[in-house]
Peer 1: 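Here you go, one structure.
Lettering of chains follows the sequences in order, A, B, ..., and the numbering in each one begins at 1. No experiment lies behind these values; they were computed from the predicted model shown.
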Amino acid sequence: MKKYMPTEIESKWQKKWMDNGTFASDLTGDNKYYVLAEFPYPSGDLHMGHWFTWGGADIFARFKRMQGYNVFFPIGFDAFGLPAENAAIKRNIHPQDWTRANIFKMKEQFLTMGPSFSFDHEVITCEPEYYRWNQWIFLKMLERGIAYRGKSLANWCPSCQTVLANEGVENGKCWRCGSEVIQKDVEQWFFRITDYADRLLWAVSSNLTLATSNLVDWPQSVREGQNSWIGKSEGMEINFKLVASGKSQGSSKNKPRLLTLDSSDSIIVYTSYPETIFGVTYLVLAPEHPIVQHLLSSQFTVNSSQLAQVRDYVDQAKKKSELERKTAEKNKTGVFTGLYVINPVNGEKVPVWIADYVLGGYGTGAVMGVPGSDHRDYAFAATYSLLIRRVIAPSANSSSQLEQLAQEPIGSVEDVLEEGVLVNSGEFTGLRTPDQARPAIADWLESQGFAKRSVQYHLHDWSISRQRYWGTPIPVIHCPDCGIVPVPEEQLPVELPYNVDYTPKGKSPLASNEEWHRVSCPKCGKPATRDADTMDTFVDSSWYFFRYLSPQYKQGPFDKKVASEIMPVDIYFGGAEHTLGHTMYSRFFTKFLKDIGWTDLEEYASRRINHGIVLGPDGNKMSKSKGNVVNPDDEVKKYGADAVRVYLAFFMPYDGTGPWISERVWGAFRFLDRVWGLQEKLSVISHQSSESLTADSEASLKAEDLFQMHRTIKRVTEEIEATKFNTAVAALMEWLNYLSKKNVTKEEFSTFLKLLSPIAPHITEELWQMVHSSQFTVHSKHKENLVSAVNPEPTIFKSIHTQPWPKFEQEYLTLPEIKIVIQVNGKPRDVLSINKDQESEEQLLELVKTSKAAKFLEAKEIKKTVYIPGKILSLVTD
RNA sequence: GCCGAAGUGAUGGAAUGGUAUACAUGAUAGUUUCAAAAACUAUUGAUCGCAAGGUCAUGAGGGUUCGAGUCCCUCCUUCGGCACCA
């Protein structure tokens, strides 16, 4: 027997599979199965995380293929984005050249995994053939008002010199470079994802065992995370009229006042606690609130020192970064405006303040201050000695007790209640909240015309403009006369010019290429300029899984007919970090594509699997700066690709997070080496045909042998299906331990190889071909003949990876001799073996008398027996 | 603060309410070797015991059950996400 030398056999089979087209995709057949993994960013090095993600996906794809599915398992590259640009600046390489070289290198590295990718459907997002359809989709969105241009405060990274989406801000810092993000007023393009907020919400099921929601099987954590990010809140907009004396007399003749308000001369607040309205003792505006601007431009009469204070405060607030504003959470600051409003429910005159704890971007940018029932309002009122009134009391037993509670002052934060019974609330006093009081007051406020019901979302529109070079150009032309003019569809793609100055200057690098930038207006023909921004790279990754189906397609983003057959994605492997970004944007795109008639799908992936993270040997996240990066190439050289694959599958659950421990990879190698050694234990090595061999070996297998084999088939099948690769490997190890102690039949050996083949594709192919050598040699000779004659590409090579997946037989899963656990008073005392056919409670009770359990029953009466056939006999004495 | 997931040997981790610690790594001893590595064999939760065997152990404390790592309640810790969203 030759020694197991992985490096010798692995490249051999990788080449063979390639040449033979073993894993080529066929999108025409029935019984499709679409396996998707998040396409990699071409950073230039395939790291362990790629092996982990794609290894798991490859196991699954191979498994499904052997189960007879027509598997589509494409790969591509998410090639636009900042790192390429940063590399360009740092190393003076053009982003395009850098990216192309990286893609080339990474493909080579991927091949060492022995993957079963459908390489013939590759998608690379920086190719004009791809991004022209980004532009096409953009224009469709523009047509429908889903894409729009707006000016607003945006997250701005001063280091990357670009706008960031909310999802790109982590703890107030840029997700790429870690610089502190500031707020900047910028004109930019948005996608109106908020229009889709309701459709993006996941149905929340109280039954947690029900894994599906919106008819697909996505992790609970993703569904909950997205829902809380969308942050749907149902409440009311309540109108508070400004007190007339606050108005400026002088300006009333000429200027129309407060044009931006829905209803003139009033402030509209948003609240989801309308039932606390009797507890309002002040109003608070965000510093960005429009009325603050009116105030500062002297449209109200307030004394000048007050005005100066307001001006100071608003200026200060502007200077605070997002981070400062969030970390200063506990210390509430604010300033009185001099204005008053009337509380519509009781006619009280209430002061209006400005405070930066109120956010300009949420609701109406104004809230009612209810210090008696809101912790933040309480803190604010306490700081500025504002009136605090109790409107919610703890539930009371009697009305007299309630009256007493109503008088209790609120002396500390602990007294601030959001639930209980309403007090000091006019006719609503005594109602329980939230269930009774909230709808009652809401109805009443609406009927009186004081307020209307309103739904608010935490989700913001998606800002997609980036002032960077390496991305999809926005297909729009700015004309001094016609304004924003979309680039006509037939002129797509708007190609990204090669020659630009991409060093960051706070404006878009594309504008530096005059020849590209200056065009004539498609409408009027006069000189105009192209939009010089590029799109967020999340746009690229929002629909790539559609493009995979028909990457060469020229009549649209993808071939609808193919999509109707192959979509949705059946299983999507990816990282938990994409819960709020990529996976939600993709869902949004899918819904939009449905609306314009390109797909019938509401959800693009039937099942989502979040993978874990492989840490460095020191237990920290692998990073160059920490020097704990394990390079898969090195590990493959040491142990072989199969051992690395087995280790990755085995060392922790697929969704876990744990360190790479090299000495344990050796354990995976040892396992494969023992599998290799199994060939020596083959009891029947003959020249007979495989069919008669099967019959022979079946006959010689004992009940225990069959039990072990079928049990393993069952376990491996179910565990791969559930993406529990670690226990699938453990099941194979257990069977190997059993097989190592006996002679092995060809049947057992072949079955073992098939079950292991998705995880360790090379060694299993080698051993398979060795065992089925007669078949193989005949065919190889045959092949040479065929090649020289008619058919240049005969496909007679029968790979193990196209063999049918083993099926287990229920009848072998129980042994004739079964084991029954005997418990006395809940403690296991003995295990009895009994013939399956003879098992009965009476028989067992008889056997118990002579068992180890007997002494625990001496001189005791059995008061109760619980008998679960095939499992346990539980005896209870006094 | 809110939401979610999880706490099991020295370590990674297994366990449809039914013999907790499968499988692997490490460790100890032995075989082999001039020696080491590798390989192979045995042992390996704690504790009492010469042994047979017993007792105790799944973050802590209660509960349901013949029986709980698993279900329920309270608490602690860790990780992840969100966070002044009114």
Peer 1: Using a cut-off of 4.0 Å on non-hydrogen atoms, how would the nucleic acid contact of F856(A) be classed: base, sugar-phosphate, or nothing?
Peer 2: sugar-phosphate
Peer 1: Check the angle between the aromatic planes of F538(A) and H578(A) and answer parallel, tilted or perpendicular using the 30° and 60° thresholds.
Peer 2: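 Ring orientation, 0 to 90° scale: perpendicular.
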Peer 1: Just the rounded figure in Å: distance from P of G1(B) to NE2 of H375(A).
Peer 2: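 Rounded to the whole Å, the gap is 11 Å.
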Peer 1: If you measure from the Lys or Arg side-chain nitrogens to the Asp or Glu carboxylate oxygens, is any gap between R453(A) and E237(A) under 4.0 Å?
Peer 2: no
Peer 1: Distance-only criterion, 3.5 Å: show the donor-acceptor pairs between side-chain atoms of residues 612-623 of chain A and protein atoms not counting sequence neighbours.
Peer 2:
unit_1: D618(A); atom_1: OD1; unit_2: N620(A); atom_2: N; d: 3.1
unit_1: D618(A); atom_1: OD1; unit_2: N628(A); atom_2: ND2; d: 2.9
unit_1: D618(A); atom_1: OD2; unit_2: N620(A); atom_2: ND2; d: 3.3
unit_1: D618(A); atom_1: OD2; unit_2: N628(A); atom_2: ND2; d: 3.4
unit_1: S623(A); atom_1: OG; unit_2: S625(A); atom_2: OG; d: 3.2
unit_1: S623(A); atom_1: OG; unit_2: K626(A); atom_2: N; d: 3.2

Peer 1: Can you measure K827(A) atom NZ to G53(B) atom P for me and round it to whole angstrom units?
Peer 2: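 After rounding, the gap between these two atoms is 16 Å.
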Peer 1: Could a donor-acceptor pair under 3.5 angstrom be found where the side chain of Q823(A) meets the base of G18(B)?
Peer 2: yes
Peer 1: Just the atom pairs and distances: protein N or O near nucleotides 69-74 of chain B's N or O, under 3.5 Å.
Peer 2:
none

Peer 1: Is a donor-acceptor pair below 3.5 Å formed from side chain K332(A) to base C84(B), judging by atom type as modelled?
Peer 2: yes
Peer 1: Let's test your reading of the model: under 3.5 Å, does the base of U11(B) pair with the side chain of R664(A) as donor and acceptor?
Peer 2: yes
Peer 1: For the side chain of T727(A), counting heavy atoms from C-beta on, which of A15(B), A86(B), C82(B) is nearest?
Peer 2: A15(B)
Peer 1: Could you state the NE2-C1' distance from H458(A) to C2(B), rounded to the nearest angstrom?
Peer 2: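 Distance check: H458(A) NE2 to C2(B) C1' gives 13 Å.
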Peer 1: Describe the nucleic acid contact of V876(A) in one word from base, sugar-phosphate, nothing, applying a heavy-atom distance below 4.0 Å.
Peer 2: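 The residue V876(A) makes sugar-phosphate contact but no base contact.
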Peer 1: 5'-most contact on RNA chain B: G826(A) or G225(A), nearest heavy atom basis?
Peer 2: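 Here G826(A) is the residue nearer the 5' end.
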Peer 1: Heavy atoms under 4.0 Å, any strand shown: does F650(A) hit a base, just sugar-phosphate, or nothing?
Peer 2: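 Result for F650(A) = base.
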Peer 1: Given G18(B), G13(B), G54(B), identify the nucleotide with an atom nearest to the side chain of S874(A).
Peer 2: G18(B)
Peer 1: Heavy atoms only, 4.0 Å cut-off, all strands: where does S228(A) land among base, sugar-phosphate and nothing?
Peer 2: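 No contact.
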Peer 1: For A37(B), does OP1 or OP2 lie under 4.0 Å from any side-chain N or O of W666(A)?
Peer 2: no
Peer 1: Find out whether D374(A) and Y378(A) are in side-chain contact, i.e. whether some heavy atom of one side chain is under 4.5 Å from a heavy atom of the other.
Peer 2: no
Peer 1: Tell me which pairs pass salt bridge (charged side-chain N to carboxylate O under 4.0 Å, His left out) where either residue lies in residues 665-677 of chain A, with sequence neighbours left out.
Peer 2: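 Output for this query is empty, none listed.
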Peer 1: Counting any heavy atom closer than 4.0 Å, what does K232(A) reach on the DNA or RNA strands: base, sugar-phosphate only, or nothing?
Peer 2: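 No contact at all - K232(A) keeps every heavy atom at 4.0 Å or more from the nucleic acid.
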